[in-house]
Participant: 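Dumping the structure here so I can ask a few things about it.
Start at 1 and go down the list; that is how both ligands and their atoms are numbered.
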Amino acid sequence: MTGDELQAVRERLPEYVEAVTTKSRGGFYTCPLCGSGTGPNKSGAFRVQGDRWRCFSCGKSGDVLDLIGEVERIPDFRDRARRAVELFGIDGSMKPAGAAPEVRRESKPEPVFISPETMQASFTAYERNNFAWWLCGVFGESKALELALAYRLGTSKHWPGAAVFWQIDDAGRVRRGKVMLYDSETGRRVKEPGNMVAGVHWLLGMADRKPPACLFGLHLAAADRSKPVAICESEKSALIGSGFVPEFIWTATGGKGCLNRAMLEPLQGRRVVLFPDLNAFDDWTEKAKGWPGVEVSDVLESRASAEDRAAGLDVADYLLREQGLNV
Ligand SMILES: [Zn+2]
């Protein structure tokens, strides 16, 4: 299947959605995968935007081929493509089995930074922000507020109680925003009914115009060059680290797999210490080999019990435990 054919198939998404699901009484599509109609915030679980779909209840998303695969239980990409051709009557010669699917070749649209106004509009309603509530429980109100302001923590209406973590680069540009829902009691991510993570570009209908990611907290590292920089995995760990171990400027990659060398470029010439979560130690150690000035902390790795490993202890858990706080 050529790139053009693939694109033609992708554009048939609305048609396929119409074919496999119905609208609920409220006028929203019912998710053909999990059956949710209204979604967690009663504004529709299943959304179609351009050639992409996403369900905010079960957290699944993708293009029309992914949906065909899910609905018709077709795991293999080539089989999905064949089925799409059958459904939509698009003539495409299939690649022989084993060949990699052809990737859509199009000039990439220009990346769009998020406007400062959009970010600023999120600096509100911390009383409706579960993560901010939990942070107050850990640090007390004034310290929690100080941390929230430093990291530019936002509140999102996307899910009731959701927070926005903005990636602000060393030039002060807002590269990305990540909306996540936390539990205000436990400080843990809410993962039911769906994954409850959404990118701001996606929400703004600009999913394909994201600038490259930068470290969460990079703006703080740029503002204070006197301190070494700690890099951990989650945004939450960065805030917790900043509160308890202020000897470092704490930043986060936003995910285990997100660490890359380009992210570290703005930190050239500085002491950088990676604080991987337990499950990322080997991966990050391997990646950081030969990155000048970058150390990998084994503080978690060297102290973890078998129980900790089974529980997948992360940097925030460890720091909270060090403070005698229940995790
Ligand atoms: Zn669903």
Participant: Can Lys236 be said to sit on top of Trp134's aromatic six-ring, NZ or CZ under 6.0 Å from centre and within 45° of the ring axis?
Facilitator: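 Because its charged atom sits under 6.0 Å from the ring centre and within 45° of the axis, Lys236 does stack over Trp134.
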Participant: Under 3.5 Å, side chain of Asn129 to main-chain N/O of Tyr126, donor-acceptor pair present?
Facilitator: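 The answer is no, because no donor-acceptor pair under 3.5 Å joins these two groups.
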Participant: Determine which pairs satisfy ring-ring contact (aromatic ring centres under 6.0 Å, His included) with at least one residue from residues 191-211, sequence neighbours left out, and list them in order.
Facilitator: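 For residues 191-211: Phe56-Trp202.
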Participant: What orientation do Phe248 and Phe275 show, parallel under 30°, tilted 30 to 60°, or perpendicular over 60°?
Facilitator: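 The arrangement is perpendicular - the two ring planes meet at more than 60°.
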Participant: Between Arg80 and Asp66, does a side chain to side chain contact (heavy atoms under 4.5 Å, CB included) hold up when you go through it step by step?
Facilitator: CA-CA 8 Å; Arg80 292 177 181 184; Asp66 296 312; 3.3 Å; yes
Participant: Looking at Val315, Asn279, Leu259, which hits side chain to side chain contact (heavy atoms under 4.5 Å, CB included) with Glu233?
Facilitator: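 Answer after filtering Val315, Asn279, Leu259: Asn279.
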Participant: Around the Zn ion (ligand 1), how many protein N/O/S atoms fall inside 2.8 Å?
Facilitator: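 Every protein N, O or S atom under 2.8 Å from the Zn ion (ligand 1) counted, the figure is 4.
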